**Q** 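If you scroll down you'll find the structure; I have some questions about it.
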Amino acid sequence: MGIAVDWAEIRTPAGFVASNPTLVRGALIVGLTSATLLAAGTGVALASTGGGLLAALIAVTFASAPVAAERMLRGGLIALGLTLVVGGAIAKLAGAWRLPHRYLGGLVAITLLTVLSRVAFLHPSAFYPDYRVHALVQQTLNRGGLSAFLGQLFEVQYARSLGLQQIGGRWYPFPYPPGAYVLAEGVGRLFGMDALDSATVAAVTFGSLIPILTLGAGLALRLSPPTSAAGALYVAFHPLLVRRLALGYFPGLAGQFLDAVAILVLLSVVRRATRPGVQTAWLAGVLLTAFLVYTQSIANFGLLIAGLLIIELLRPSEGGRWASLRVAIAALVALGISGGLFYARYAPVFDNVRNHRAQPESVVLERLERLRENALATTAQAEADDLNDPYAGTSLNPLRGLQRLASRLWRFNGPFVLLLAFGGWLLGRQLHPSMRNLVVAWAAVALWISLLAAGLPSPNGFQHLKDLEFVTPLGALAMGLATESVYRRSRAAARMLLAAWLGFAGFALFGEWSQRLLHMADM
């Protein structure tokens, strides 16, 4: 006989008394928030108000759910500290520190609100199975080290269903780099957290840095500070990015962060700065890191660079061809090194696919399937993203790809897709020809992925690629540019537009968070 405990909850009508470490963490979070706002030039009154509101929120959360508040406070402090340190470095490199105080203060406020919105997913009842899966993979890496982990990578992929593709009725492991787990392990070792907490805190941090990178991309495109700041606001609470965190899409969040960093460096290369060789080397290094963290980064930048080369061939811009060639060289160097360091180990897998042989490690999956058949049937319903793809088909049909893209644009932007289209048109008119070519190639990545994933016969190797995440910062900047255009005509209309977006995105955020809560007392 034995007993398994899935959940234990302690309640007391007298309440809980906060421990000294908890009080210190709370004071640190409030102090960091106020000090950061003050350093950004918001003024003493606004900095004190922000810190006071946060202190009140922490107090209310502890009064209503002390156990949950303790976990969110502990992880939130680490995520806030990491975001401020890394975000400060990014802001300096992107030139954000030179912005007028009202825009710099706005960026800091947006970043702090982004951290706060993501910290809500540290609630112990906010659960999705993928976080547990990634934590188990993380534990495997922590126990044996990277070398041992790579030695049993295929078995881990089959055991945890990581990067498996079905071809000819058999399941094969496709490239699944461990870079995201290495980053999470570093966070865990630095702050003494277990695998699950380190993965979630790292995910919160990666998601919270996207607004800073979006503003940096706007400045690199020579967009105005108001447009860039509005783009940061639009991307901060974007329903698609919130959903990725809610679904525990941890490697994808790490990959999206590094993709955005690479875009920022790529923009500096295309701008033909004074030290192109150094910047090209930096781009190769960032792309190498991205390729070792997230396989789709290879597809994202492969499609972007191929599109850029074709566009520059058809509609050349001044110096654009040489810049695009430097970008292509950096990507090829990064691809070659990443292939030698990691991806070459999948050569036997592709040989088995070509010769229709089963992968030896597939016995792990077969054993797990037998165990599942003998287990009790679950009553939980699958997430919408896990159901059969409605845009899959057995024939070549590009129309399916266009339908998938249109459906997802509407799902995650709603009526604001019209604002997105208007902003895209304004971007095309405003940008320098070399930057315009790059932006067209960047935006086209979503189209190409949709056409490959849904337009080709299924199943195919592109079917599970994410289409909109890579271009979401660009879309947010387009919406920011459209909002600035409205602002020049009517300030009230622009403010109403921003308020409507915050309402739309806030409703989606609350929905994602509330759907993940496990109401154990009702079970």
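Here the structure is a predicted model, which means the values were calculated and not measured.
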**Q** Yes or no on ring pair (Phe, Tyr, Trp, His ring centres under 6.0 Å) for Phe301 and Phe470, after CA distance, side-chain angles and deciding distance?
**A** CA-CA 10 Å; Phe301 284 97; Phe470 184 64; 5.2 Å; yes
**Q** Should we count CZ of Arg345 as having more than 12 external heavy atoms under 6.0 Å?
**A**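 Yes.
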**Q** Does any N or O in the side chain of Arg400 come within less than 3.5 Å of the main-chain N or O of Leu456, such that one atom is a donor and the other an acceptor?
**A** yes
**Q** Taking Thr140 for its side chain and Leu136 for its backbone only, find out whether a donor-acceptor pair lies under 3.5 Å.
**A**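 Between the backbone of Leu136 and the side chain of Thr140 there is a qualifying donor-acceptor contact (under 3.5 Å).
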**Q** Between the main-chain N or O of Gly277 and the side-chain N or O of Arg326, is there a donor-acceptor pair closer than 3.5 Å?
**A** no
**Q** Before we go on, tell me: are the rings of Trp171 and Tyr158 under 6.0 Å apart, centre to centre?
**A**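 No, they do not, as the ring centres are separated by 6.0 Å or more.
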**Q** Yes or no on ring pair (Phe, Tyr, Trp, His ring centres under 6.0 Å) for Phe350 and Phe174, after CA distance, side-chain angles and deciding distance?
**A** CA-CA 9 Å; Phe350 293 119; Phe174 270 51; 5.4 Å; yes
**Q** Are any side-chain N or O atoms of Arg516 and backbone N or O atoms of Phe127, one a donor and one an acceptor, separated by less than 3.5 Å?
**A**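 Answer holds: no.
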**Q** Under a 3.5 Å cutoff, is there a donor and acceptor pairing between the side chains of Tyr391 and Ser407?
**A**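 Yes, Ser407 and Tyr391 have a side-chain donor paired with an acceptor closer than 3.5 Å.
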**Q** Judged by atom type as modelled, is there a donor-acceptor pair below 3.5 Å linking the side chain of Asn355 to the main-chain atoms of Asp351?
**A**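 Answer holds: yes.
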**Q** Output side-chain donor-acceptor pairs under 3.5 Å for residues 180-187, partner residues at least two apart or in another chain, one line each.
**A**
{"from": "Tyr181", "atom 1": "OH", "to": "His134", "atom 2": "ND1", "distance (Å)": "2.8"}
{"from": "Tyr181", "atom 1": "OH", "to": "Tyr176", "atom 2": "OH", "distance (Å)": "3.2"}
{"from": "Glu185", "atom 1": "OE2", "to": "Arg189", "atom 2": "NE", "distance (Å)": "3.2"}
{"from": "Glu185", "atom 1": "OE2", "to": "Arg189", "atom 2": "NH2", "distance (Å)": "3.1"}

**Q** Taking ring pair (Phe, Tyr, Trp, His ring centres under 6.0 Å) as the cut-off, I'd like each qualifying pair that reaches into residues 324-349, sequence neighbours left out, listed once.
**A**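 Those involving residues 324-349 are Phe154-Tyr346, Phe342-Tyr346.
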**Q** Output yes when a side-chain donor or acceptor of Thr295 lies under 3.5 Å from a complementary backbone atom of Pro175, and no otherwise.
**A**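 Flag set: sc Thr295 to bb Pro175 pair under 3.5 Å.
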**Q** So does Glu312 pair up with Arg321, basic N to acidic O under 4.0 Å?
**A**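 No salt bridge links Glu312 with Arg321.
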**Q** So, Gln256 side chain and Glu469 main chain: donor-acceptor pair closer than 3.5 Å or not?
**A**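 Flag set: sc Gln256 to bb Glu469 pair under 3.5 Å.
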**Q** Taking the six-membered ring of Tyr249, is NZ or CZ of Lys466 closer than 6.0 Å to its centre and within 45° of its axis?
**A** yes
**Q** Roughly how far, to the nearest 0.5 Å, is the OG atom of Ser117 from the CD1 atom of Ile110?
**A** 11.5 Å
**Q** Counting only N and O atoms by type, is there a donor-acceptor contact under 3.5 Å from the side chain of Tyr131 to the main-chain atoms of Leu247?
**A**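 Judged by distance alone, no pair lies under 3.5 Å.
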**Q** Would you say that more than 12 heavy atoms from the other residues, nucleotides or ligands in this model lie under 6.0 Å from the CZ of Arg71, or not?
**A** yes
**Q** Rounded at 0.5 Å granularity, tell me how far CG in Leu215 sits from CD1 in Ile90.
**A**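 Atom-to-atom, Leu215:CG and Ile90:CD1 are 11.5 Å apart.
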**Q** Just by modelled atom types, is the Ala246 backbone N or O under 3.5 Å from a matching donor or acceptor in the Trp513 side chain?
**A** no
**Q** Check whether Gln157 reaches the backbone of Leu162 with its side chain - one donor and one acceptor, N or O, closer than 3.5 Å.
**A** yes
